[in-house]
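The model shown is predicted, which means the values in this text are computed figures rather than measured ones.
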Amino acid sequence: MVEQALLKVFCSNFVAYQKSHAAHVNIVGRNFGSDHKLLEKVYEDLQAEIDTIGELLRTIQSYFPLTLTDILDGSDIADNLEPDYGDGLDYIQQVYDDLEQLIEVYLELEDVTQNERGLNHLANYAQDRVRALKKHCWMLRATLDGRAV
């Protein structure tokens with residue numbers, strides 16, 4: 001159960017990373033500079049976690065997924081970034097939605113590790129990531145000001 005939860009974290013984080021990086025590179029619009037930098041902070045944070053989560057998988061004697069198909073199959077986040085030919089807010093909304101879903105995946109990891117002896121490091125990690133992701137969500141929500149989130 002812990003292994004499956006941590007694998008889901010890895011896969012979901014990886015997909016969220018790729019989508020946020022694609023949004024960062026492709027965003028256009030009047031607020032390009034600030035939106036580009038905001039999305040850069042998000043994707044760099046998610047990218048930095050890829051190796052960390054992979055190493056956590058190894059601490060529980062599990063393995064890093066070997067193929068993109070395995071990653072997509074194991075993710076709760078869909079591989080469905082829609083083009084945004086407008087002001088960039090659609091990309092920001094999509095990244096926001098993915099981060100909210102990723103928070104749920106981390107909360108699931110916290111739940112399955114909370115009372116397991118020897119797994120406090122995973123529960124603490126999940127809590128730290130939820131805090132970091134909620135900060136990104138706050139910044140994205142502020143940028144989306146007035147749009148449904």
Side-chain angles (χ1 to χ4, degrees), residues 1-113 122-123 125-149:
M1 187 136 167
V2 171
E3 179 182 9
Q4 292 86 358
L6 190 54
L7 279 166
K8 187 190 296 187
V9 163
F10 176 86
C11 295
S12 298
N13 181 86
F14 196 99
V15 173
Y17 152 70
Q18 191 282 329
K19 289 172 67 178
S20 62
H21 199 158
H24 158 80
V25 171
N26 290 308
I27 200 159
V28 297
R30 189 171 151 267
N31 297 313
F32 166 79
S34 59
D35 293 347
H36 186 73
K37 286 181 182 178
L38 175 61
L39 292 171
E40 181 177 36
K41 287 180 182 180
V42 172
Y43 91 72
E44 284 181 345
D45 176 67
L46 297 173
Q47 182 183 42
E49 295 308 309
I50 292 170
D51 193 58
T52 300
I53 304 166
E55 290 172 354
L56 288 171
L57 283 164
R58 296 303 294 139
T59 69
I60 63 167
Q61 300 180 349
S62 188
Y63 290 93
F64 192 95
L66 297 176
T67 68
L68 293 174
T69 300
D70 292 340
I71 291 169
L72 291 172
D73 288 346
S75 175
D76 270 10
I77 296 175
D79 179 29
N80 64 344
L81 188 65
E82 296 293 324
D84 181 352
Y85 301 113
D87 58 8
L89 291 178
D90 288 340
Y91 277 147
I92 292 171
Q93 181 70 57
Q94 291 176 78
V95 170
Y96 173 84
D97 293 343
D98 288 346
L99 294 187
E100 286 288 353
Q101 182 61 44
L102 189 55
I103 288 169
E104 290 301 316
V105 173
Y106 273 105
L107 291 172
E108 290 174 20
L109 175 63
E110 181 185 3
D111 287 347
V112 300
T113 58
L122 295 178
Y125 174 73
Q127 292 165 355
D128 290 345
R129 291 304 302 152
V130 166
R131 183 175 57 253
L133 292 169
K134 284 190 175 279
K135 183 175 180 181
H136 289 309
C137 285
W138 158 58
M139 292 180 183
L140 293 167
R141 263 193 324 273
T143 302
L144 290 166
D145 185 39
R147 281 180 62 129
V149 282

Stepwise side chain to side chain donor-acceptor pair (under 3.5 Å) check, Thr67 with Asp70: CA-CA 5 Å; Thr67 68; Asp70 292 340; 3.2 Å; yes

Test applied, salt bridge (Lys or Arg N to Asp or Glu O under 4.0 Å); reference residue, Asp45; option that passes from Lys135, Arg129, Arg131: Arg129

Spatial distance of atom CG (Leu140) from atom CG (Leu133) [nearest 0.5 Å]: 10.5 Å

Sub-4.5 Å side-chain heavy-atom contact between Glu108 and Asp76: yes

Polar side-chain atom of Ser20 near backbone of Tyr17 as donor-acceptor pair, under 3.5 Å: yes

Val95 side chain near Asp98 side chain, heavy-atom distance below 4.5 Å: no

Interatomic distance, Leu57 atom CG to Glu55 atom CD [nearest 0.5 angstrom]: 10.0 Å

Full working for side chain to side chain contact (heavy atoms under 4.5 Å, CB included) between Leu56 and Phe10: CA-CA 10 Å; Leu56 288 171; Phe10 176 86; over 6 Å; no

Stepwise side chain to side chain donor-acceptor pair (under 3.5 Å) test for Glu110 and Tyr106: CA-CA 6 Å; Glu110 181 185 3; Tyr106 273 105; over 6 Å; no

Working for salt bridge (Lys or Arg N to Asp or Glu O under 4.0 Å), residues Arg30 and Asp35: CA-CA 9 Å; Arg30 189 171 151 267; Asp35 293 347; over 6 Å; no

N/O donor-acceptor pair under 3.5 Å between Thr113 side chain and Leu109 backbone: yes

Name of the residue among Ile71, Leu6, Leu72 meeting side-chain contact (heavy atoms from CB on, under 4.5 Å) with Cys11: Ile71

Pairwise side-chain contact, His21 with His24, heavy-atom cut-off 4.5 Å (strictly under): yes

Heavy-atom side-chain contact between Phe32 and Ile27 under 4.5 Å: yes

Gap separating the CE atom of Met1 from the CG atom of Asp111, nearest 0.5 angstrom: 8.5 Å

Side-chain donor/acceptor of Arg58 to backbone N/O of Ser62, under 3.5 Å: yes

Euclidean distance, Lys134 NZ relative to Met139 CE, rounded to 0.5 Å: 14.5 Å

Heavy-atom donor-acceptor pair, Asp84 side chain to Tyr91 backbone, under 3.5 Å: yes

Identified side-chain contact (heavy atoms from CB on, under 4.5 Å) partner of Thr143 from the options Asn31, Ile92, Leu39: Ile92

Over all atoms of both residues, closest heavy-atom pair of Leu81 and Ala23: CD2-N, 3.9 Å

Closest heavy-atom pair and its distance - Val15, Ala78: CG1-O, 3.9 Å

Asn13 side-chain N/O to Val9 backbone N/O, donor-acceptor pair under 3.5 Å: no

Reported CD-to-OG distance for the pair Glu104 and Ser12, which is rounded to 0.5 angstrom: 11.5 Å

Inter-residue atom distance Phe64.CZ - Asp51.CG, 0.5 Å rounding: 7.5 Å

Qualifying residue, where the test is side chain to side chain donor-acceptor pair (under 3.5 Å) with Lys19 and the options are Asn80, Asp79, Asp97: Asn80

Side chain to side chain contact (heavy atoms under 4.5 Å, CB included) between Ile60 and Leu122, worked out: CA-CA 10 Å; Ile60 63 167; Leu122 295 178; 4.1 Å; yes

Side-chain (Gln94) to main-chain (Glu82) donor-acceptor, under 3.5 angstrom: yes

Main-chain N/O of Gly29 paired to Asp87 side chain as donor or acceptor, under 3.5 Å: no

Test side chain to side chain contact (heavy atoms under 4.5 Å, CB included) applied to Phe14 and Leu68, step by step: CA-CA 10 Å; Phe14 196 99; Leu68 293 174; 4.0 Å; yes

